[in-house]
Amino acid sequence: MLDKRYSPKDVEQGKYETWKEKGYFTAGDKSKNPFSMVIPPPNVTGKLHLGHAWNTTIQDIIARYKKMQGYDVLWLPGMDHAGIATQAKVMAKLVSMGIDVTKISREEFLKYAWAWKHEYAENIHNQWAKMGLMLDYSRERFTLDEGLNLAVRKVFVDLYNKGLIYQGERIISWDPVQQTALSNIEVIHQDDEGYMYYFKYHVVDSDDYLEVATTRPETMFGDTCVCVNPNDERYLKYHHCKVINPANGEIIPIIPDEYVDIAFGTGAMKCTPAHDPNDFNIGKKYGLEMPTIFNKDASMNEKCGKYVGMDRFECREALLKDIESRGDFIKKEKIIHAVGHSQRNNCVVEPMLSKQWFVKMKPLAEEAIKNQQGKDRVNFIPQRFENTFLQWMNNIEDWCISRQLWWGHRIPAYYHKVTGEVVVSENPPKDIENYVQDNDVLDTWFSSGLWPFSTLGWPEKTEDLERYFPTSCLVTAYDIIFFWVSRMIFQSLNITDRKPFSDVVIHGLVRDELGRKMSKSLGNGVDPIDVIDKYGVDALRYFLTTNSTPGQDMRYIEEKVASGANYLNKIWNSARYVLSVVPEGFKEVKLSKDNLSVLDKWLLTRLNLTIKNVTANMEKYDFNAASSHLYNFVYDDFCSQYLEMSKVKLYGDDASKNVTVTVLLKALKSIILLIYPYTPFIAEELYLNLPNHLESVMLESYPKVEKEFIFKDGLEEIELLFDMIRDVRNYKITNQLAPNAKLGLTISLKIKVSNDFATLLNRFTFSEFEVKDDLSTLSGDLFTYNYGSMIISSGVSKEEARDKLEKEIAFEKSEIKRSEGMLNNPNFLAKAPKEKVETEKAKLKLHQDNLKELEEKLKKI
RNA sequence: GGACACUUAGUUCAGCGGGAGAACGCUUCCUUCACACGGAAGAGGUCACAAGUUCGAUCCUUGUAGUGUCCACCA
């Protein structure tokens, strides 16, 4: 016997461990068709948040649903080493332990980093278990596993040999805090307040000067020319002149170039080739020197005279003062401009000329774009995110993949100590003593991009790779399309010649109640574990997957979690009731149209339509829509109507009692199986209380639509019955009568009804009733329906009765007017679909009949 | 400067070319044998605005306004 109240803690107790031990999570049943997903590997940097909970629950629903449908489901878990993020955290920890990180060796650091990894992996495992995720732990991977290292090296070498990876001196975004290069998308452009500073660049051998503006005066130490537009009449006479750099007194040329926008600023632009991508192009074009002026921590280097060693922003202020004292400072204007910040630590990044490794993106992007036009395309859900992807691919720049870190895949490039010859190879050169390996590691996303096939054993031709790749589906949030999804697509296409996954399901971000992003600085984050402790993991899972439409963001609202928990309690109690009415030694009856009552037929029809709708939406990954179909069935059809009405059979001495119990059990089992992917714990608990259950709900198959139990005709009396009962109840409330007050009812029927109709109407109105063909001679409140009408005789005053009738008459008239308006429109008759016209005609007739009846009635008051 | 979303009940959100839906909240009533974490019955919306397409627009198109997000090297 189930407890009176659903207690999540008791229900969840021990189930996950059992499932895991029984091996239900392990893929490999070759008799079935494969269905595979890889988890987006969480970073080993911290706790999982609600976003992870959302992301993994969606995947778990898919996995459990597909498993029930008879697939051999592989959901492969794993974690990401998260280069910069982890290294930063480990370093911070070492500092807090009092360790001098400037003296630490690479090897020592890695030892600490691995210890950190093991600790956080443990946390993540605990949270996965808490969420109830159906992960195949026998295949778990980590991005720094030996197998994955091999894959990374092989891909690097392959791309290098294909000419798709090169080493070059280019302007990259430099993170002076982490002291590493970043890729473009690791830089976040924020609109910051700043100043535009105007300086005098004196023309050599002249009293003239050019007015030159900049937002970063400290970079003036790297200026190698001033550019003007060749068509700018203001500067024509200076084309072959030189100017004096007010920062360091150096003499630099004026170079006319079309790049300069005449209309912008003063039309004269200072050019700093080593610290600005556009200036770099100009510098290359004219063969200019490209002096770098910053140290790795963005302090000023020896090129900056007396400012050497000074922080870049301090230098800016000091330099300004000095130039001003020389009279070469003109003015500054407050401006809002986009400034690049590091995604990881929010510091202002510095564009710097630097030798790094790059992936040549054009050919890879073209391949990916082309693939989206073919039949082997990756299916984005919702589809609009394909645009996001394609737009990025179409405008992509080369990808800087080297990072000046220790935690990551070390670049497999070796430099000859004497000749400087570069060897790029999966394994070190034989005479390694003559070589030194590149110190840098690869961008974290380089290895993540290989995740769907590297985790399955690539480059080995493993059975898993053969069977599960390409994967069926990938689930991720839209903020990671560029970082990860697109990189998996182009890497996979280039390296394996196959797409990485067939479907990519994109969801949104979790926000707080006010719609703000959850963040540490706002302190508005919600720990999934706290929610689970309060409401249970099933309620959290249900909330996360039923409160947004695909691709949309979602607000975390605690009341909604509570409301989900109430729903589960409702299911729990309906199950408790159904199980309580199953007699000792009960045997299911074989159901057929001959032994079912009209009410049974109605319920089974509703059930099958529900299964149909739920399944259709599950297939579309629309879990919100799917669940709401089930929700309506549970509350309205099953609990409010059938469950209550079937008591007439169960508490009476009806011969059809076993049919009713069979129907109840059938509906209950279907509900349990349909809700199971969302809320596996409560589903398992209830399932194991059903008669004739298997060892676990995890071994069950998904409910199928049974067409023979969808009845198209003969259910009108149920509709009529519900309408009449509702009106009687409403009548009692508005007339302040007790719910069980006995009323005099007279009804007329346009259809034939079963015996149950009388029983149920009687029981649920607490009233006797009489059937008559003509109600027009009777006094009382008249109610008209599609298939009949009803009079409640009562002590209501004539005025009230007349008011009510007039209201109804007005309603019927407006309906008639609407119908006639449509039907008198020749265009409607000619152009609207036939069925529409027919339904409209039928409606008109119905309302005309109702009107007639009401008017007759009104006359007699 | 581009791109993509969003604007529907008090609030959070669904939905749809042919009579506006849910949850929470609100009102009235009910502890009768699954559930008061409940039941019954209600109130509450010019579906942002404007034009167009259509027999018919909350829905499609275009424009406007507002909100949000992403992309973009303008000194």
[atom1] gap between [N] and [M], integer Å:
| N | M | atom1 | value |
| --- | --- | --- | --- |
| rG25(B) | rG38(B) | P | 9 Å |
| rA41(B) | rC16(B) | C1' | 28 Å |
| rA48(B) | rA57(B) | P | 15 Å |
| rG18(B) | rC59(B) | P | 11 Å |
| rA65(B) | rU58(B) | P | 23 Å |
| rA50(B) | rC55(B) | P | 23 Å |
| rC13(B) | rG17(B) | C1' | 23 Å |
| rU31(B) | rA23(B) | P | 24 Å |

Which is more 5' along RNA chain B, the nucleotide nearest Met269(A) or the one nearest Asn184(A)? Just name the residue.
Asn184(A)

Walking RNA chain B from its 5' end, the first of Thr214(A) and Tyr635(A) to be reached, judged by nearest nucleotide, is Tyr635(A)

Any side-chain heavy-atom pair of Glu808(A) and Thr784(A) under 4.5 Å
yes

Any side-chain heavy atom of Met196(A) within less than 4.5 Å of one from Lys332(A)?
no

Need one value for [X]: base, sugar-phosphate or nothing, where a base atom within 4.0 Å counts as base even if backbone is also close, heavy atoms only.
| X | result |
| --- | --- |
| Cys271(A) | nothing |
| His847(A) | base |
| Ile733(A) | base |
| Val260(A) | base |
| Arg818(A) | base |
| Leu643(A) | base |

Using a cutoff of under 3.5 Å, can you pull out all pairs of nitrogen or oxygen atoms linking the protein to nucleotides 53-63 of chain B, with atom names and distances?
unit_1	atom_1	unit_2	atom_2	d
rC55(B)	OP1	Lys831(A)	NZ	2.1
rC55(B)	O2'	Asn825(A)	ND2	2.4

Could you tell me whether [X] and [Y] have a side-chain N and a carboxylate O separated by less than 4.0 Å?
| X | Y | result |
| --- | --- | --- |
| Lys817(A) | Glu812(A) | no |
| Glu644(A) | Lys647(A) | yes |
| Asp398(A) | Arg170(A) | yes |

For Ala575(A), all residues meeting side chain to side chain contact (heavy atoms under 4.5 Å, CB included), sequence neighbours excluded:
Leu2(A), Leu668(A), Leu686(A)

For rA40(B), does either OP1 or OP2 sit under 4.0 Å from a side-chain N or O belonging to Ser640(A)?
yes

Should Lys732(A) be listed as having a side-chain N or O under 4.0 Å from OP1 or OP2 of rC30(B)?
no

From CG of Asn740(A) over to P of rU32(B), roughly how many Å is that when rounded to an integer?
10 Å

Near RNA chain B, under 4.0 Å by heavy atom, which residues of residues 531-554 of chain A?
Thr549(A), Gln552(A)

Per the under-4.0 Å heavy-atom filter, residues of residues 382-390 of chain A near RNA chain B come out as Arg384(A)

Which nucleotide sits closest to the side chain of [X]: [options]?
| X | options | value |
| --- | --- | --- |
| Asp261(A) | rC29(B), rA34(B), rC74(B) | rC74(B) |
| Phe482(A) | rU12(B), rC74(B), rC70(B) | rC70(B) |
| Phe264(A) | rG18(B), rC74(B), rA36(B) | rC74(B) |
| Tyr478(A) | rU69(B), rC30(B), rG42(B) | rU69(B) |
| His189(A) | rA75(B), rA41(B), rA72(B) | rA72(B) |
| Arg726(A) | rA75(B), rA34(B), rA41(B) | rA41(B) |
| Arg511(A) | rA75(B), rG42(B), rU69(B) | rU69(B) |

Looking only at side-chain N and O atoms, does [Y] offer a donor or acceptor that is under 3.5 Å from a partner on [X]?
| X | Y | value |
| --- | --- | --- |
| Asp328(A) | Tyr209(A) | no |
| Asn281(A) | Tyr259(A) | no |
| Tyr535(A) | Glu558(A) | yes |

Sequence neighbours excluded - salt bridge (Lys or Arg N to Asp or Glu O under 4.0 Å) pairs with any residue from residues 510-519 of chain A
Arg511(A)-Asp553(A), Asp512(A)-Arg516(A)

Can you give me the dot-bracket string for RNA chain B, 5' to 3', counting Watson-Crick and G-U wobble pairs with both distances under 3.5 Å, using [ ] for crossing pairs and | for partners on another strand?
(((((((..((((....[..)))).(((((.......))))).....(((((..]....))))))))))))....

Residue from Leu544(A), Val537(A), Val526(A) passing side-chain contact (heavy atoms from CB on, under 4.5 Å) with Val531(A):
Val526(A)

Could you pull out all residues at least two apart from Phe199(A) that satisfy ring-ring contact (aromatic ring centres under 6.0 Å, His included)?
Phe329(A)

By side chain to side chain donor-acceptor pair (under 3.5 Å), Tyr238(A) pairs with (sequence neighbours left out) Asp208(A)

Contacts of Glu333(A) that satisfy side chain to side chain donor-acceptor pair (under 3.5 Å) - sequence neighbours left out:
Tyr198(A), Lys331(A)

Give me each pair satisfying side-chain hydrogen bond (donor to acceptor under 3.5 Å, both in side chains) with a member in residues 542-552 of chain A, each pair once, sequence neighbours excluded.
Arg384(A)-Gln552(A)

Shortest non-hydrogen separation from Ile682(A) to Leu568(A) and the atoms involved
CD1-O, 3.6 Å

I'd like to know whether Leu288(A) forms a side chain to side chain contact (heavy atoms under 4.5 Å, CB included) with Cys225(A), so could you lay out the CA-CA distance, the side-chain angles of the two residues, the decisive distance to 0.1 Å, and finally the verdict.
CA-CA 8 Å; Leu288(A) 302 174; Cys225(A) 70; 3.7 Å; yes

Does a distance-only test, which skips hydrogens and angles, find a donor-acceptor pair under 3.5 Å between the side chain of Gln391(A) and the base of rA72(B)?
no

Side chains of residues 213-221 of chain A: which donor-acceptor partners sit under 3.5 Å, not counting sequence neighbours?
unit_1	atom_1	unit_2	atom_2	d
Thr214(A)	OG1	Arg216(A)	N	3.0
Arg216(A)	NH1	Glu350(A)	OE2	2.6
Arg216(A)	NH2	His275(A)	O	2.7
Glu218(A)	OE1	Arg316(A)	NE	2.8
Glu218(A)	OE2	Arg316(A)	NH2	2.9
Thr219(A)	OG1	Arg216(A)	O	2.7
Thr219(A)	OG1	Lys270(A)	NZ	2.8

Can the ring centroids of Phe385(A) and Phe389(A) be said to lie less than 6.0 angstrom from one another?
no

Please tabulate the protein-to-nucleotide N/O contacts below 3.5 Å involving nucleotides 21-24 of chain B, giving atom names and distances.
unit_1	atom_1	unit_2	atom_2	d
rA23(B)	O2'	Ser563(A)	OG	3.3

